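In what follows, a structure is listed as structure tokens, so that the remarks can point back to it.
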Amino acid sequence: MSLQSLREAAEVSKAWPFEEARKLIARLEKAQKSEVIFETGYGPSGLPHIGTFGEVARTTMVRHAFRVLTGDKVKTRLIAFSDDMDGLRKTPDNIPNREMVSRHLGKPLTEVPDPFGEFDSFAAHNNARLRRFLDRFGFDYEFMSSTEAYKSGRFDEALIRMLERFDEIQAIMLPSLREERAATYSPFLPIHPVTGVVMQAPVLAHDAKAGTIRWRDPDTSEEFETPVTGGRCKLQWKPDWAMRWYALGVDYEMAGKDLIDSVKLSSRIARALGAEPPAGFNYELFLDETGQKISKSKGNGLTIEEWLTYASPESLSLFMFQKPTAAKRLYFDVIPRTVDDYLGFLDAYPDQPWKERLGNPVWHIHAGEPPAPETLVHGEGETSISFVMLLNLAAVANSDNPAVLWGFLRRYAPSASPENHPRLDCLVGYAVAYFRDFVAPKKRYRLADDVERDALLAVSARLAEMPADAGAEAVQHALYDIARPIPRYQDLAAKGATKERPGVSNDFFNMVYGVLLGEERGPRLGSFVALYGLAETRALIDRALAGELVRAA
RNA sequence: GAGCGCGUAGCUCAAUAGGUAGAGCAUCUGACUUUUAAUCAGAGGGUCGUGGGUUCGAUUCCCACCGCGCUCACCA
């Protein structure tokens, strides 16, 4: 498969990152630019979350598609912009030193001391968290601080231009506001020279030549004349966004659908400044299990930590890749399915022609270089192990120890090991975590009656006589022999059963599952005991008969 | 009020260059030398929200409508 055919397939690919990248190319044809700027925004009053990940991951996919479409001839940059000059609106609930922080309400986040005492400011703290967050996933980005950009003078030219177009911008903004708000609205928010607070005060006069605005402190009625440059003023957020697009030459930025109107207004402002607003689209929001919007305050939905406890970052990327414009429910149950979808796409990739590869999510998730699928060699063939299967296996193994799961896997494919299947090993780890947190707590143990007690004691005694490394079959046969004489468990209808040698009914096994494992059904017992350990099984029986399992559950 | 998304098998969802609808789970049946759910094979199950239009033909394009849900209109 030649590079040529990759390019050709990319030209016509219907995968959304390519559709987006083509919008960018159309944009580029109009404007002479030597590089393309992608931007994602971040508000440092909160912590990075699953939406932050989604936005950066999706933008990165568009960026990569663009690079392929242009043969990497156009330089690309991704700016992760932190709005750290915004005033602190309210004291977050989830921080220490809330009282100290609350004394700095209204000041730029970069002027609020770090409540954790680790950084120069609250913003610096959260900015560092953002970077650590993004670095953890290996995103290629440039961090940019709003405060630094304002203070360094980088925005000065744009701010002056903004001042020159003051009336046009007001004409765009004011109709979008309610009367009472419009009466006092100003796109410029001066930083109070005394208190340091980001002021929302009506602008009494503006002077583009001098580069200043006149305003009055509503509390003291004192009047000030403040330059809009050098970080002495910041902008209201919609003008701010537009100014930033203009000043930085942003070509691409996506946003949630809650920002549709904001994007429209900011785009008009950008045009008023003389810039073509960036390309991009509005992605749908995430919903929880019941279709409600996920919000941090409600605490519904799924956190990124939760996802990464039970599944890989790649599977989360897949979730983000799929249909960004459709509202998707993001809750716990989608995790296993998404993981298996991911594994399925990985399996399919090597045999696909380019046209299909470019529509395959793993191409986008792995920047065009998805890893080879890890398979288990079993006899003649190879098979992939699905996550759902591993979850079953964890339940079967009744263990949160990955080594026990690997014991089962090796029985199936003797050559397999965590060392030569590192990604499968990760999956095993996730499966085990899932078992520990979701399967184990739901176990409902029951007490043994007298007959059951005697049967289990007999099993324990028999296991004690067997060598510790007894095989699954040996254990299985021993179990049959113990149950066979017990009338309750005899099954004369079983295949091959005779009066002299009756079969053993499922009731026996179901009893063991219920008493020892707290499940209604379970694994083939011989296999389970052999892997779980004979001594360990005896200990389990002791605990069950002592009633400890019932109490623990 | 404005904008957006969704409505396909019991459930969750797929189905782009318009051409007789697919998967997973669930259900049922069978196979796996003594029985059991790490597996496999097979089956059943859909007026593709409703009504129009374009077309030889529409789940797929267009319009209207119905239902469900979300977002925005204060701030970011």
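Fair warning: this is a prediction, and the values are worked out from it, not measured in the lab. Sequence lines set the chain letters: A, B, ... in the order given, protein chains first and strands last, and positions in each chain run from 1.
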Whole angstrom is fine here: how far is it from NZ in A:K238 over to C1' in B:C75?
9 Å
Do A:K328 and A:F286 meet the cation-pi criteria used here (NZ or CZ under 6.0 Å from the six-membered ring centre, within 45° of the axis)?
no
Can you list everything that forms a side-chain contact (heavy atoms from CB on, under 4.5 Å) with A:W237? Sequence neighbours excluded, please.
A:W241, A:L259, A:S262
Using atom C1' of each nucleotide, how far apart are B:C65 and B:U27 to the nearest Å?
37 Å
Could you measure between the two P atoms, the one in B:C74 and the one in B:A64, and give it in whole Å?
29 Å
Any side-chain donor paired with an acceptor under 3.5 Å for A:Y150 and A:D240?
yes
Using the C1' atom as the point on both nucleotides, what is the distance between B:G22 and B:A76, in whole Å?
44 Å
B:A14 versus B:G7 - spacing of their P atoms, nearest Å
7 Å
So what does A:R178 touch, heavy atoms closer than 4.0 Å: a base, only the sugar-phosphate, or nothing?
sugar-phosphate
Between B:C75, B:A76, B:A14, spot the one nearest the side chain of A:K323, thanks.
B:A14
Separation of the P atoms in B:G52 and B:C11, to the nearest angstrom
27 Å
Report the distance from atom CG of A:L391 to atom C1' of B:C25, rounded to the nearest whole Å.
13 Å
Sorted by position of nearest nucleotide on RNA chain B, 5' first, the leading residue of A:F509 and A:W237 is A:F509
Rounded to the Å, how far apart are A:L409 CG and B:U39 C1'?
14 Å
Rounded distance (Å) that lies between atom P of B:C70 and atom CD of A:E284
11 Å
Is A:R181 near enough to B:C75 that one of its side-chain N or O atoms lies under 4.0 angstrom from OP1 or OP2?
yes
Euclidean distance, atom CZ of residue A:R337 to atom P of B:U12 [Å, nearest integer]
11 Å
Test side-chain hydrogen bond (donor to acceptor under 3.5 Å, both in side chains) applied to A:Q200 - qualifying residues, sequence neighbours left out:
A:R181
Return yes if the base of B:C70 and the side-chain atoms of A:K257 contain a donor-acceptor N/O pair under 3.5 Å, otherwise no.
yes
How would you list, by chain and number, every residue that makes a ring pair (Phe, Tyr, Trp, His ring centres under 6.0 Å) with A:Y342, sequence neighbours excluded?
A:H366
For B:G42 versus B:C25, give the span between their P atoms, rounded off to a whole number of Å.
14 Å
d(CZ, A:R329; P, B:C68) in whole Å:
15 Å
For A:N420, give me all partners under side-chain hydrogen bond (donor to acceptor under 3.5 Å, both in side chains), at least two apart in sequence or on another chain.
A:S417
With sequence neighbours excluded, tell me which residues meet side-chain hydrogen bond (donor to acceptor under 3.5 Å, both in side chains) with A:E284.
A:K257
Would you call the rings of A:F53 and A:F133 parallel, tilted or perpendicular if under 30° counts as parallel and over 60° as perpendicular?
perpendicular
Close approaches to RNA chain B from residues 14-23 of chain A, in residue order (heavy atom, under 4.0 Å):
A:K14
Can you see whether A:F81 has A:R244 sitting over its ring - NZ or CZ less than 6.0 Å from the centre and within 45° of the normal?
yes
With rounding to the closest Å, how many angstrom separate the P atoms on B:C61 and B:A17?
12 Å
Any base atoms under 4.0 Å from A:L259, or only sugar-phosphate, or nothing? Heavy atoms, all strands.
base
Just the rounded figure in Å: distance from P of B:G5 to CD1 of A:I260.
8 Å
The answer to which of A:Y480 and A:R410 contacts RNA chain B further toward the 5' end, by nearest nucleotide, is A:Y480
Counting Watson-Crick and G-U wobble pairs with both distances under 3.5 Å, what is the dot-bracket string for RNA chain B, 5' to 3', using [ ] for crossing pairs and | for pairs to another strand?
(((((((..((((.....[..)))).(((((.......))))).....(((((..]....))))))))))))....
Taking B:C13 as the reference, what is the distance to B:U8 when you measure between their P atoms (whole Å, please)?
9 Å
For atom CZ of A:R244 and atom P of B:A76, their distance in whole Å:
12 Å
Which residues satisfy the salt bridge (Lys or Arg N to Asp or Glu O under 4.0 Å) test with A:R129, sequence neighbours excluded?
none
A:Y246 meets the ring pair (Phe, Tyr, Trp, His ring centres under 6.0 Å) criterion, sequence neighbours left out, with none
